[in-house]
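Every chain is numbered from 1, with letters handed out A, B, ... down the list of sequences. Values reported hereafter were calculated over all heavy atoms of this structure, with side chains retained and with hydrogens, waters and symmetry mates removed.
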Amino acid sequence: MKPKSRKVSQHVTQNEALIFEKSSPGKKAYRLPPLDVPDVDAGKLLGEQVREDLGLMPEVSEIEIIRHFTRLSTWNYAIDLGMYPLGSCTMKYNARVNEFVARLEGLGNSHPYQPEKISQGALRIMKTLSECLCEITGMDVITLQPAAGAHGEFTGILLMRAHHESKGNPRKKIIIPDSAHGTNPATAAICGYEIINLKSSAEGMVDVSLLASLVDDTVAGMMLTNPSTIGVFEKDIHRIADLLHDKGALLYMDGANMNALVGKTRPGDFGVDVMHLNLHKTFSTPHGGGGPGSGPVACKKLLEPFLPAPVVTTRADGRLGFEYNRPQSIGRVRAFYGNFGMFVRALAYIFANGPDGLRQTTEDAVLNANYIRKKLDGIYDLPYKTGSMHEVVFSDRLQTQNGVKTGDIAKRLIDYGFHPYTTSFPLIVPGALMIEPTESESKEELDLFVDAMKSIAREVEEDPQLVISAPHDTRVARMDETTAARKPVLRWKPEQTNEARQSPKPELVETR
Amino acid sequence: MRYLPKSPADRELMLEEIGVRSVDEFFKAIPGEYRLNRDLKVPRQMAESEIIDYFRDRSQENAAGYSVFLGAGAYHHYRPVIIDALVQRGEFLTSYTPYQAEISQGTLQAIFEFQTMICELTGMDIANASMYDGSTGAAEAILMAMRVTGRDQSVIARTVHPEYREVIHTYLHHRGMPMHFVGYAEDSGEVDLDQLERAVTEQTACVLIQSPNFFGSIEDVEAAAEMAHRKGALLVVSIGEALSLGIVKPPAAADIVSMEAQSFGVPLGFGGPYDGVLAAKEKYVRQMPGRLVGETKDRNGKRGYVLTLSTREQHIRREKATSNICTNQALVALMSTIYMDVYGREGLKDLAKQNLAKAHYAVGEFARRARVLFPRGKRFNEFVVQTKEDPHAINDRLLEKKIIGGFALEKFYPELGNAALWCCTEMNSRAQIDAAIEAVQG
Ligand SMILES: Cc1ncc(COP(=O)(O)O)c(C=O)c1O
C-alpha cells in the first residue's frame, strides 16, 4: 500500500538481533592498559564477597557494537529526520553546538565535589543560566536541581507546602484542572495533598466562578498549565491568581508550554508564584529517547527561604560558591546540583537566540500551530474554538463515524513519514489529536504534514480499513500490547532466542 | 535566527493564508498589561564561534587535566569513544519516549538490553528503563517498599551516601513517614548489625543499606536481608559504584536494588545527568515506578518491543500512579548499555580487578603515613584515611600539583575528625598515587 506522499519512499532496513545473540566467549571490545601496581588476588581480598562470574553479560567486538546500535538507530524516528509534532512535548531542533560545548573537557569531565576554586566556570554557567531564566519567567529566584518537569513539580509543590507550614499549617488540598497532565495529580499526591479536580469550562478553560467556590483556607494552591493543554492562554489568569491569593493559596504554573510565551509575556508578571521549566522542551536540550531532562523551578521572593540547598552564591571576594546553610530549605531533591550537562546546553541555546531570536522563536511556534489549525479545521473537528497558541487540539469526532480513532490516524501518519501527534491527551478532549509543530518546521514541511492529514481524512471516508490497519510500511506493526502486559517479558533469556528462531517470520528471511 | 527555517516571505504568506494581518493577533489573548513590550534582558544573539569561545573560557576556569581521587558517588572511569559516537546519532539523541513502538524499535530494543544486563549484574529479576539518579532512585525504592508492605517506616544506614539520605528525607518527612538511622561498626565501617536488628520492627517497610557503602566498605547483604525479612520488611540495597558489580557478589538477597550507574560510561559532568537504575524481584513488578519495556510480537508474529505495564504510570493512573516520573534518563542509560557491551562479561571483571588492585596499593602506601580507618572492612575502590592535618589543607597543597584529593568527611561524619574518603580507579597511575601520598605526609 503506497502512501501518496512526497515525503517518503521505502528503503532497505537492516535486521539486527539482540546483542546477547551475537555474543560468544573470547570476543572482546576492550583492552586495558597494563596494571602498574602489584596485582591482587580478589578471592583473598574479598573472601565470600567475591564474584566469579558475570552470567549472561555479552562478549562482542567493537565493530559489532557499532553496527548493532547504528542499525537500531535506523529503526527510530527523530527530529533530525522530520517533523515530530508530539503535542505538549515541544520537539524542537536540538542544536549540535550544544552537544559540542557540553563535552568540553573542563565541563564534561569535572567532578561535582572538586574544590570551588577550580569550579568557577561551572558555577558561572549555573549563575548566568539562572539569571536568564529568571528574566524570561519574570520570577525572582530559581533552583536548577530538579532533574525533569515532574521532579520540578515535586519541588515546587514542596516549596508551597513549606511556605504554608511556616505559617502554621501545610493545608490539605491542591486544585488541578481536568485538562492537566498526569504528572500534576501524581505530584500533588506524593506531596501528601488531596486533589480537587476542577472541571473545565465550555471553552476548555478555568471556570472562574467554579474555582471561586472551591478556594478556601484548606487549599494550598492550584497547579495550572498556561497556555493550557489545549494550547489556549488562560485569559482570566490574573483573576485566578487573585482568587487564590485572597485566601492565602498560591499559584503553581506547569511551564511545559513556555514555548508559547518566551519573550512575549512573563508568568511572574501575571500572578504566578512558582513554576517549573522543562529545559528539554522550551530550551532545546535533547529528549534522547525519553531523557535526560531538567526541570528548574523559579519562584517569587516569598518562597526563596525554602529553596533546595545548595544555592549558588557570590562570596565576599567575588568568587562563586555553593551555599548550604539554609535552615528553612525543603532539603535536597537530588544529589549534587542537578543535570548540569543540560544547563550548558540550555544556556548555549539562549546565547544562540538572544532576545530577538527568542521572541521570533515563540512567534514562529505560534504561527506554525495556527497555520495547521487553519488548514485542517473542518477536516478534523476542532472542539474548542478559542484562539490557539503553540499547539492545536483536534478531535476524531468526524472520523469515528467511520470507525477510525485518533490512534489509527496517528499510526497512518507514520506511513506518511511523520511521527504521530500526541493521542488521547488532554482528557477533556475525547479522541484528541494534539499537534505541536514547534518553530523548527519550515512551510514546506508543514505543507507536507497538512497534505498527509488531509489525505488520511480522505482515506477514512473511502477506505477506513486502510487507516485502521496502519502502519503498513514499518518493520513491525501493531504490537501485541495485551500479551506484553499480561505476561510481561522484561528481560532476555536464552530460551527466548530459540523461540524467536522458530517464529513464523524469522528475521533472516524477511523481505520487503 | 539560524535555527528558524522561514524567510520573511514565508511568514507573510502563512499569515495571509491564515487570514490575519500580523502575528500579534495570536497573542491578543494575553491581556495587554501582561504583554512584554521590550526585549528580554539576556545576552545578545551570538555566532556559533562566540558560543564556543564563551564555554571554552568557562571550561578553562574549571578543573581540567587534574588527577582525581574523588569518588563519593561520582566516579572517574575511562569512557570508550564509541559511546559518544553512537549516542550522538540523531535517531537516538532527538527522539522522544518510545510511545509509538513502530518507529521506536531502536530505543525500545536498547532499553530491553539495558534491563537485561542490569538484572544480570544486580541479581534481580526485573529492572526499569532508568530513574533520575541514584539518590531519587533510592527514595523511590523506599516508597515502593511502602506500597508493597503497606507500612510507612524505614530503617536507613548512616553509611548510605549523605546526600542520598538528604533526598530521602525530603521525599518522606513531609508525609510524616518515620526514618530510623543506624550507625556503623568502628572496625569495619559496615552497618552496625546489632543496632540494625533492634531498629527493625513490625512497622518497618524496608531497610536501606548501601554496598559498597559511603566509606567504601562492602556490606553483609545477606545478614541485613535476614533481619529485614524476619520482621516482614524488604531490603533495599543502594549501589553507588556500579563497577563494583564486576568483582563483588551481587546483592541477590535484596528485594529492591537502586543503583547509580554513572560509572558505566557516563561523564562526571559536574554531577549530572547521571543514570539511576531500579531493579527488583519479579513479584513486585506492579509496584515498580518508571518505564518498563517488554518483549512481544507484532501482528505478523515478529519479535518486537513495547512500553508495558503502563497502568502503573502517571499518564494513565494520575494521582494513584506508582510515581510521578515521566521523563527519565534514557540517553544516559544508552551510554551505560554501550559501556556494558564494550566491557562485557570479562571486561567488567578485569576492570573491576584493576580498581581493586589500585585501591589496595594505595591503602598499603597510605597506611605508612596515616591511619586507614575500618581495617576489618572489605573494600572495592574507596577507603577512608585519617590524618593529623585537616584534609582541606592537604587538598590545597595537592591542588598545586594538579591533584584533587579525597572527600573531607567532617561535614557529614564529624566524629571521624580529620578523615577523608579516597577513591582509586583505573585512571589513577601509580605515579599519581605516590605523588598524592607524599603530600599527605605533612
Ligand atoms: C503539560 C506537561 N506537564 C508536565 C510534564 C512532565 O514533564 P517531564 O516529562 O519533564 O517530567 C509534561 C511532559 O511530559 C507535560 O507535557
Query raised in the report: Would a line drawn from the ring center of A:His238 to the ring center of B:Tyr34 be shorter than 6.0 Å?
Result: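 Ring-ring flag for A:His238/B:Tyr34: true, centres closer than 6.0 Å.
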**Report entry** Ring-ring centroid check A:Phe233 B:Phe27, cutoff 6.0 Å
**Finding:**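 Aromatic pair excluded; centres sit 6.0 Å or further apart.
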Requested in this report: State, yes or no, whether a side-chain contact exists between B:Gln354 and A:Leu32 at a heavy-atom distance under 4.5 Å.
Outcome: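 A side-chain contact exists here, since the closest heavy-atom pair is under 4.5 Å.
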Say whether [X] and [Y], considering side chains only, have a donor N or O and an acceptor N or O under 3.5 Å apart.
X: B:Thr136; Y: A:Arg334; value: no
X: A:Tyr113; Y: B:Glu163; value: yes
X: A:Asn76; Y: B:Thr107; value: yes
X: A:Tyr30; Y: B:Asp350; value: yes

**Report entry** Audit row: A:Arg103, B:Asp84, salt bridge (charged side-chain N to carboxylate O under 4.0 Å, His left out) steps and yes/no
**Finding:** CA-CA 10 Å; A:Arg103 285 173 171 82; B:Asp84 277 351; 3.1 Å; yes
Report task. Tell me, with the steps shown, if B:Gln88 and A:Glu99 meet side-chain hydrogen bond (donor to acceptor under 3.5 Å, both in side chains). Result -> CA-CA 8 Å; B:Gln88 286 193 83; A:Glu99 297 305 308; 5.8 Å; no
Just so I understand: if I count every heavy-atom pair under 4.5 Å between each of [options] and chain B, which residue has the most?
options: A:Glu59, A:Met342, A:Lys28; answer: A:Glu59
options: A:Glu62, A:Met91, A:Lys235; answer: A:Met91
options: A:Thr483, A:Val101, A:Ile190, A:Asp269; answer: A:Ile190
options: A:Thr386, A:Thr70, A:Ile350, A:Leu358; answer: A:Thr70
options: A:Cys89, A:Ala352, A:Ser442, A:Gly338; answer: A:Ala352
options: A:Met389, A:Glu481, A:His181; answer: A:His181

Report task. Using the side chain to side chain contact (heavy atoms under 4.5 Å, CB included) rule, pick out the option among B:Glu120, B:Glu346, B:Lys349 that qualifies with A:Met57. Result ->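 Among B:Glu120, B:Glu346, B:Lys349, the one meeting side chain to side chain contact (heavy atoms under 4.5 Å, CB included) with A:Met57 is B:Glu120.
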Query raised in the report: Looking at B:Met1, B:Arg2, B:Arg44, which hits side chain to side chain contact (heavy atoms under 4.5 Å, CB included) with A:Asn353?
Result: B:Met1
Query raised in the report: How long is the gap from CZ on B:Arg175 to CZ on A:Arg161, to the nearest 0.5 Å?
Result: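 Reported to 0.5 Å precision, the distance equals 9.5 Å.
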What part of [X] gets closer than 4.5 Å to chain A, counting heavy atoms only: side chain, backbone, both or neither?
X: B:Phe26; answer: both
X: B:Leu93; answer: both
X: B:Ile404; answer: side chain

Query raised in the report: Under a 4.0 Å N-O cut-off, is there an ion pair linking B:Arg11 with A:Asp364?
Result: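 So B:Arg11 pairs with A:Asp364 through a salt bridge.
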Query - Segment of A:His68 engaging chain B (4.5 angstrom heavy-atom cut-off) - result: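 Side chain of A:His68 only, per the 4.5 Å heavy-atom cut-off to chain B.
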**Report entry** ring-ring contact (aromatic ring centres under 6.0 Å, His included) between B:Tyr96 and A:Tyr84, intermediate numbers included
**Finding:** CA-CA 9 Å; B:Tyr96 192 70; A:Tyr84 211 125; 7.2 Å; no
